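Heads up, the thing below is written out as structure tokens.
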Amino acid sequence: MRLAELLRERWIVQAPMAGGASTPDLVAAVSGAGGLGSLAAGYLSADALAERIAAVRASGTTAFGVNVFVPSGAPAAPEVLAAYREELGPEAGRHGATVGEPVRDDDAWAAKTDLLVSDPVPVVSFTFGCPSAEVLDRLRAVGSATVVTVTTVEEARIAVERGADGVCAQGSEAGGHRAVFDPAGGGGSPLFALLPEVAAAVDAPVIAAGGLMNGRDAARALELGATAVQLGTAFLRCPESGANPVHKAALVDPAFTETALTRAFTGRPARGLANRFMWEHAQAPTAYPEVHHMTRPLRAAAASAGDTGGMALWAGDGFRSASDAPAAEVVARLRGEAAEAGVRR
């Protein structure tokens, strides 16, 4: 099935949330309800990714996607990393943790690409950049449709010119990492400003992402040129989500009133619930994945202690509307609300 046809049929896409939220159970539940579930390959080994793909297939799910991080950015200067390590010292002492080593890796890029060529899935999407035409061609040759997440019209044009079958236009309201090709990039444009520009600029299906939480938002995105809509925060509190229970609880905690962009946790801009760690490390360097590895033990220690002030609580602007209903019910609600708003699919 071509990408455009797949997305018209399964126009509610579950965002691939790296770090544990996108479990095989969540993917299977969304796809089973008529949406398109997505596994996140980020931070996994190729073997672990293969196991999750197998688990999705074992559920009987055939329509799903896998999202891969594209290596990007230049190595950070040693003195910059040393300064941030020193800054993180008090944070490490808070829960008896140790600052991690500033590892420079490519998230097993080649191994994951080879896996997805040898064991094809229906859709492969990319974040943090656009793969080479060669990689996109290899995936297409084995029957996978390819999607590149973009934050500007220029990025969208690059992706389609290189051979991507579609793009995911990510607005600034989106939770988690910004998909900017340049790690030093900023917040970007709101979805409903970005979407029509991207849809007009490329002759390819466009998935709309960023702050979408209900069927009315989805209907508007479809009216502005999207073929499908992608939601992540809307599924974070679902029982099938693998998000930390402390993270799930924070989404409805009245102490959290807003989201903010930060580089403090990973060295790349990402949106989450505004908390102490963000404020105290507002000048964190642009250094991904080094900063990610440095703060990983600190985030784990904070999560174990239930300290929401030290956790990366990724969430989009509409976080307060996240429901704890099963994922299939969330998909059904979105369809119903969209139908009331005039969507006929």
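What you see is a predicted model; the values in this text were computed from it and never measured.
Closest non-hydrogen pair, Val70 versus Gly129, comes out as CG2-O, 3.5 Å. Counting all heavy atoms, side chain and backbone alike, His293 lies closest to Val103 at CD2-O, 3.3 Å. Here the closest heavy-atom approach between residue Gly309 and residue Asn275 is recorded as O-ND2, 3.4 Å. What you find for Ile207 and Val229 is that their closest heavy atoms are CG2-C, 4.0 Å. The nearest pair of heavy atoms linking Ala4 to Thr227 is O-CG2, 4.1 Å. Here the shortest heavy-atom pairing between Pro285 and Val80 reads CB-CG1, 3.4 Å.
No side-chain heavy atom of Asn214 sits less than 4.5 Å from a side-chain heavy atom of Ser321. Side-chain contact between Val147 and Phe126 is absent, with no heavy-atom pair separated by less than 4.5 Å. Considering only heavy atoms from C-beta on, Leu88 comes within 4.5 Å of Thr295 through its side chain. Within the 4.5 Å cutoff, side-chain heavy atoms of Met17 are placed close to those of Leu26. Side-chain contact between Ser31 and Gln14: absent, with no pair of heavy atoms (C-beta onward) separated by less than 4.5 Å. At least one side-chain heavy atom of Arg85 sits less than 4.5 Å from a side-chain heavy atom of Glu101. Annotation: side chain of Leu39 is not in contact with side chain of Asn67 (no heavy-atom distance under 4.5 Å). The shortest side-chain heavy-atom distance between Thr262 and Phe277 does not fall under the 4.5 Å cut-off.
For the residue pair Arg268 and Ser72, a side-chain donor N or O sits within less than 3.5 Å of a side-chain acceptor on the partner. Residues Arg263 and Thr286 have side chains that bring a donor and an acceptor to within less than 3.5 angstrom of each other.
Of the possible donor and acceptor atoms, one in the side chain of Arg178 sits under 3.5 Å from a partner among the backbone N and O of Gly171. Between the side chain of Arg162 and the backbone N or O of Ala133 there is no donor-acceptor pair closer than 3.5 Å. A side-chain donor-acceptor contact under 3.5 Å links Arg299 to the backbone of His292. Looking only at distances, no side-chain donor or acceptor of Arg271 sits under 3.5 Å from a matching main-chain atom of Gly175. A donor-acceptor pair under 3.5 Å is formed between the side chain of Asp165 and the backbone N or O of Thr146. Judged by distance alone, the side chain of Tyr84 and the main-chain N or O of Ala287 form no donor-acceptor pair under 3.5 Å. The backbone N or O of Val135 sits nowhere less than 3.5 Å from a side-chain atom of Arg140 that would complete a donor-acceptor pair. A distance-only check finds a donor-acceptor pair linking the side chain of Thr23 to the backbone of Glu240 [under 3.5 Å]. A donor-acceptor pair under 3.5 Å links the side-chain atoms of Ser241 to the main chain of Leu236, judged by distance alone. When atom types are taken as modelled, the side chain of Arg216 and the backbone of Ala341 share no donor-acceptor pair closer than 3.5 angstrom.
Cluster membership check: Val66 shares its hydrophobic cluster with Val142, using side-chain heavy-atom separations under 4.5 Å among Ile, Leu, Val, Met, Phe, Trp and Tyr. Following chains of ILVMFWY side-chain contacts shorter than 4.5 Å, one cannot reach Val123 starting from Phe235, and the two form parts of different hydrophobic clusters. Val291 and Leu313 fall into different hydrophobic clusters, defined by Ile, Leu, Val, Met, Phe, Trp and Tyr side-chain heavy atoms under 4.5 Å apart, directly or through other members. Cluster membership check: Met213 does not share its hydrophobic cluster with Val330, using side-chain heavy-atom separations under 4.5 Å among Ile, Leu, Val, Met, Phe, Trp and Tyr. Under a hydrophobic-cluster definition in which Ile, Leu, Val, Met, Phe, Trp and Tyr are linked whenever side-chain heavy atoms come within less than 4.5 Å, directly or via other members, Val150 and Val68 are assigned to the same cluster.
Of the inter-residue distances, the one linking Arg157 atom CZ with Cys130 atom SG reads 14.5 Å to the nearest 0.5 angstrom. Remark: Asp217 CG to Glu173 CD distance equals 9.5 Å, nearest 0.5 Å. With values rounded to the nearest 0.5 angstrom, Thr98 atom OG1 is found 8.5 Å from Leu298 atom CG. For the atom pair His247 NE2 and Leu273 CG, the distance stands at 6.0 Å (nearest 0.5 Å). Interatomic distance, CG of Leu212 versus CD1 of Ile12, reported as 11.0 Å (0.5 Å rounding). Distance CD1/Ile53 to CG/Leu44: 9.5 Å, rounded to 0.5 Å.
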Task: Working for side-chain contact (heavy atoms from CB on, under 4.5 Å), residues Thr149 and Val167 - done: CA-CA 6 Å; Thr149 312; Val167 298; over 6 Å; no
TODO: For the pair Val180 and Phe128, evaluate side-chain contact (heavy atoms from CB on, under 4.5 Å) and give the outcome as yes or no after the intermediate values.
DONE: CA-CA 6 Å; Val180 291; Phe128 297 166; over 6 Å; no
TODO: Apply the test side-chain contact (heavy atoms from CB on, under 4.5 Å) to residues Phe181 and Thr152: give CA-CA distance (whole Å), side-chain angles for both, the deciding distance (0.1 Å), then the verdict.
DONE: CA-CA 9 Å; Phe181 290 9; Thr152 67; over 6 Å; no
Open item on the list: Show, in sequence, the C-alpha distance, side-chain angles and deciding distance for Lys112 and Asp107, and conclude whether the side-chain contact (heavy atoms from CB on, under 4.5 Å) test is met.
Closed with: CA-CA 9 Å; Lys112 290 174 185 176; Asp107 202 45; 2.9 Å; yes
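Considering only residues two or more places apart in sequence or on other chains, Trp314 meets the ring pair (Phe, Tyr, Trp, His ring centres under 6.0 Å) condition with His177, Phe265.
Checked for salt-bridge contact, Asp114 and Arg138 meet the test: a charged N lies under 4.0 Å from a carboxylate O. Ion pairing of Arg57 with Asp119 is present here, as a side-chain N (NZ or NE/NH1/NH2) and a carboxylate O approach within less than 4.0 Å. One finds a salt bridge joining Glu91 and Arg94 here, because a Lys/Arg side-chain nitrogen approaches an Asp/Glu carboxylate oxygen to under 4.0 Å. Taking a cutoff of 4.0 Å between a charged side-chain nitrogen and a carboxylate oxygen, Glu280 and Arg276 qualify as a salt bridge.
The local environment of CD in Gln283 is sparse, with at most 12 non-hydrogen atoms from other residues, nucleotides or ligands closer than 6.0 Å.
For the side chain to side chain contact (heavy atoms under 4.5 Å, CB included) with Leu36, the lone residue among Val27, Leu7, Val30 that qualifies is Leu7.
Ring to ring, Phe256 and Phe319 are not that close: their centroids are 6.0 angstrom or more apart.
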